[in-house]
Amino acid sequence: MGGQSPPLQLKPGMTQLSSTTVKDALESTAPIDAIQVQGWVRTRRDSKDFSFIEMNDGSCLRNLQIIARNSLPNYAALQRMTTGASISVRGTLVPSQGKGQTWEVVADKIDIVGTADDSYPLQKKGHTPEFLREIAHLRPRSNLFGCVFRVRSRLAFAIHKFFQERGFVYVHTPIITGSDCEGAGELFRVTTLDPKAGPRRLDGSIDYEQDFFARCTYLTVSGQLEAEAFACALSKVYTFGPTFRAENSNTSRHASEFWMIEPEMAFCALNGNMDLAEELVKYLIVDVREHCPDEMELFAKFVDKELLARLDFVVDRPFQRINYSDAVDLLKRSGAKFEFPIDYGLNLQSEHERWLTEKHFQCPVTVFNFPKEIKPFYMRLNDDGKTVAAIDLLVPGIGEIVGGSQREERIDVLEENMRRHKMDLADYKWYLDLRRYGTVPHSGFGLGFERMLMFITGVPNIRDVIPFARTPGSAEF
RNA sequence: UCCAGCGUAGCUCAGUGGUAGAGCGGUCGGCUGUUAACCGAUUGGUCGUAGGUUCGAAUCCUACCGCUGGAGCCA
C-alpha cells in the first residue's frame with residue numbers, strides 16, 4: 001500500500017507537537033523557542049494589552065503563567081474564559097518579567113479545548129474540604145486534593161520500593177474470600193443469587209451451596225492468612241491491596257473500602273516484626289519528604305502547622321516500646337482523668353492510646369504482649385500462658401496505624417486457640433497444614449495505607465485521602 | 001449503632017418571634033506586568049424536608065433526611 005498511515009484526526013487544540021508538563025516547564029534551565037502546554041485554567045487576570053492566564057495540569061502544585069496578548073485572533077473569547085476551562089497553548093517559554101515565577105509562556109496560539117460556565121463549582125478562593133468532598137469528581141483540580149493524590153501515588157510507590165529493596169515478594173491475595181476468619185468485623189457478602197427468589201434450604205434460608213462459588217463468599221477483610229502461606233514458601237512477602245469492612249463505623253479514621261499493606265516474614269519473631277514496622281514508617285516519611293517537598297509545604301501551611309516538626313521528630317528518634325501490662329500501670333499511675341476504666345485485661349481505649357502517644361511519650365509507641373483474651377486466635381501464645389505476642393503501633397493524632405503479631409506456629413496450641421474461639425477446624429485445614437508441614441516461627445502486621453497517608457499529610461479525615469471514598473451510607477461516584 | 005452540634009445566596013457565614021443580610025464568586029464598567037490584583041456598580045434565596053404552635057416562624061416544638069465532631073469496632 002502507500003506506506004503512509006492516515007493522519008490522526010485531532011480535535012481542535014490537539015496537535016502533534018508533544019506537550020511539556022507544567023512541572024517540566026517550570027524546572028527548565030533555559031528558554032524554549034517552541035513549547036506546547038495543556039491544562040486547566042485556574043484563574044485569569046486582564047492587563048491593558050494582554051491577559052494573564054494561570055494554568056495547572058496536575059503535574060505539580062504550581063501553576064504556569066500564560067501571557068495572552070490582545071493580538072491573538074481569539075482574544076475576545078479568551079477574555080470570556082473562566083476558571084475551569086481547558087486550554088492548549090503554543091508559544092515560547094521566557095523568563096518572567098513579573099515577580100513570583102521565574103518562567104512564563106508567551107502564547108502564539110491558545111486553543112480553548114473545553115469551556116466551563118459560571119456553574120463551575122471551584123472558585124479561585126479557598127473551599128472547605130467538606131464542600132469539596134461533595135464534588136469528588138472535581139476536587140482533584142483543587143490545590144489541596146491535587147497534593148493529596150500526588151502524595152498518595154508517591155506513598156504507594158515508596159511502599160513497593162521499601163519492600164522490593166529488602167527482598168520481599170509482592171503477593172496478590174484474593175479479594176473474594178471464603179474465610180470469614182478472625183471475626184474481624186462485618187463482611188460484605190459476595191453472591192449472584194437473587195435474595196428474594198434464590199434457592200432455599202429446608203429451613204427457608206438461602207442455599208449458598210448453589211451460589212456461584214458453591215459456598216458463602218465475602219470481600220476480604222485481610223490477606224494475612226493467605227500471606228502466611230506464601231511467607232512459608234518465599235520467606236518474606238507483602239500484600240498491598242484493597243480491603244473491605246462492612247462495619248457501621250462513622251469516624252474520620254474508618255472507611256468501608258481501604259488499602260492495607262501486610263508484610264509477613266518466616267523465621268521472624270516479634271522483635272523483628274517491631275523493627276520492620278518502625279523502619280517502614282520512618283522510610284515512608286523520609287521518602288515523601290524528599291520527593292514531594294512542595295506538597296508537604298502546602299500541608300504544613302494550610303492543614304497542620306506542626307506537621308513537619310512532628311514528622312522530623314518521628315524520623316529522628318527510636319519509637320517507644322512498652323508491654324501492655326507496663327502501659328496499663330503507667331496509665332493507672334498517670335493521675336489523668338479518663339472516661340473509661342483502665343485495668344489489666346481491658347482493651348486500651350482511644351483516650352488511653354492518645355495519652356500514651358500524645359501526652360506521655362509524645363512520639364510513636366509500640367505496645368506489645370497483650371492478654372490473649374482480647375486478641376485473635378492466630379497470635380502466638382507467650383511462655384507466661386497469659387499473653388500473646390501482639391503489637392499495636394500508635395502514632396500521635398491518628399492512634400493505631402499498625403496492628404500485628406508473631407503467629408502461632410505450634411499446631412496443638414493453635415488448634416486449642418481455635419477451639420476456644422469456637423471455630424470449626426475443618427474450615428481452616430489449609431491454614432493448619434502450614435503448621436503440619438515444615439512449620440516456622442513467623443510474624444507480620446497490617447499497616448493502614450490511608451492512615452499512613454493521613455499521618456504524613458496531616459489531613460484529618462480519611463475521606464479526604466481516598467479518591468472516591470466509601471463509607472456507610474455513601475457510595476456516590 | 002450511641003452521644004453532641006450544625007443545615008440561610010454558587011462558597012463562607014451573620015440574623016434567636018415582626019420587611020432576607022454581608023464578604024467572596026458570577027456579570028457589567030474602570031484601572032492595571034498582574035500574583036487569592038485593585039476600584040465602582042450589579043446579580044443572586046422553596047432559610048434541609050414535612051407537620052405543628054403563633055396574629056406573625058429562618059428563629060419555638062415534633063419527626064425525618066443530610067453533614068460534622070466524639071465514642072465503640074479496627075487499619
Side-chain angles (χ1 to χ4, degrees), chain A residues 42-54 62-69 79-80 82-84 94-101 104 106 116-135 138 142-143 182-186 221-224 240 242-262 277 302 338-340 347-354 374-376 392-395 398-404 445-455 460-466 471-474 476:
Chain A
R42 281 296 179 78
T43 177
R44 195 182 54 74
R45 292 178 290 274
D46 282 329
S47 186
K48 194 173 181 184
D49 300 320
F50 46 89
S51 191
F52 296 101
I53 301 169
E54 282 196 47
R62 296 170 63 199
N63 301 326
L64 181 61
Q65 178 162 285
I66 313 288
I67 309 297
R69 295 192 206 280
Q79 282 193 302
R80 285 195 303 273
T82 51
T83 304
V94 299
S96 177
Q97 296 175 32
K99 290 173 188 144
Q101 62 279 316
E104 64 190 19
V106 177
D117 68 22
D118 59 14
S119 65
Y120 184 66
L122 292 171
Q123 303 169 359
K124 14 181 156 175
K125 303 224 168 182
H127 286 296
T128 60
E130 289 80 10
F131 169 69
L132 292 169
R133 217 177 279 158
E134 295 169 18
I135 48 168
L138 296 174
S142 67
N143 283 340
E182 60 183 291
E186 299 293 311
V221 293
S222 166
Q224 179 200 315
F240 182 18
T243 323
F244 307 86
R245 305 267 168 100
E247 290 283 317
N248 188 10
S249 49
N250 217 318
T251 81
S252 56
R253 306 179 304 281
H254 291 85
S256 310
E257 175 181 329
F258 63 98
W259 284 56
M260 190 156 62
I261 299 101
E262 295 180 292
F302 294 112
F338 295 118
E339 189 188 344
F340 291 92
N347 262 312
L348 297 182
Q349 305 287 321
S350 280
E351 57 178 345
H352 306 137
E353 296 180 348
R354 285 216 136 113
I374 59 174
K375 289 291 179 185
D392 278 359
L393 173 54
L394 314 174
V395 296
I398 311 278
E400 184 177 343
I401 198 168
V402 163
F445 60 81
L447 169 70
F449 179 63
E450 283 82 6
R451 287 192 182 171
M452 188 67 211
L453 188 54
M454 290 165 73
F455 185 59
N461 195 310
I462 198 166
R463 286 168 267 240
D464 296 332
V465 297
I466 299 176
T471 50
S474 177
E476 214 191 332

Legend entry - Any T43(A) side-chain N or O less than 4.0 Å from OP1/OP2 of rA36(B): no

Legend entry - Below 4.0 Å: OP1/OP2 of rG72(B) and any side-chain N or O of S350(A): yes

Inset, instruction - Could you tell me the separation between the CG atom of D464(A) and the P atom of rC67(B), rounded to a whole number of Å? - result: 13 Å

Legend entry - Under 3.5 Å on both distances, the Watson-Crick or G-U partner of rA50(B): rU62(B)

Inset, instruction - Between R463(A) and L447(A), name the one whose nearest nucleotide on RNA chain B is closer to the 5' end. - result: R463(A)

Inset, instruction - Kindly say whether Q79(A) contributes a backbone atom to a donor-acceptor pair with the side chain of R44(A) at under 3.5 angstrom? - result: yes

Inset, instruction - Using the P atoms only, state how far rG17(B) lies from rU59(B), rounded to an integer number of Å. - result: 11 Å

Inset, instruction - Using heavy atoms to find the nearest nucleotide of RNA chain B for E351(A) and F52(A) separately, return the residue whose nucleotide is more 5′. - result: F52(A)

Legend entry - Gap between atoms CD1 and P, on I374(A) and rC73(B) respectively (whole Å): 10 Å

Inset, instruction - Could you pull out all residues at least two apart from F240(A) that satisfy ring-ring contact (aromatic ring centres under 6.0 Å, His included)? - result: H160(A), W259(A), F449(A)

Legend entry - Protein-to-nucleotide contact annotation, 5' to 3' order, nucleotides 8-15 of chain B [B base; S sugar-phosphate only; - none; under 4.0 Å, heavy atom]: --BSS---

Inset, instruction - Please name all residues satisfying side-chain hydrogen bond (donor to acceptor under 3.5 Å, both in side chains) with T128(A), sequence neighbours left out, ordered by chain then number. - result: none

Inset, instruction - May I ask you to verify whether the side chain of S96(A) and the base of rG33(B) hold a donor-acceptor pair under 3.5 Å? - result: yes

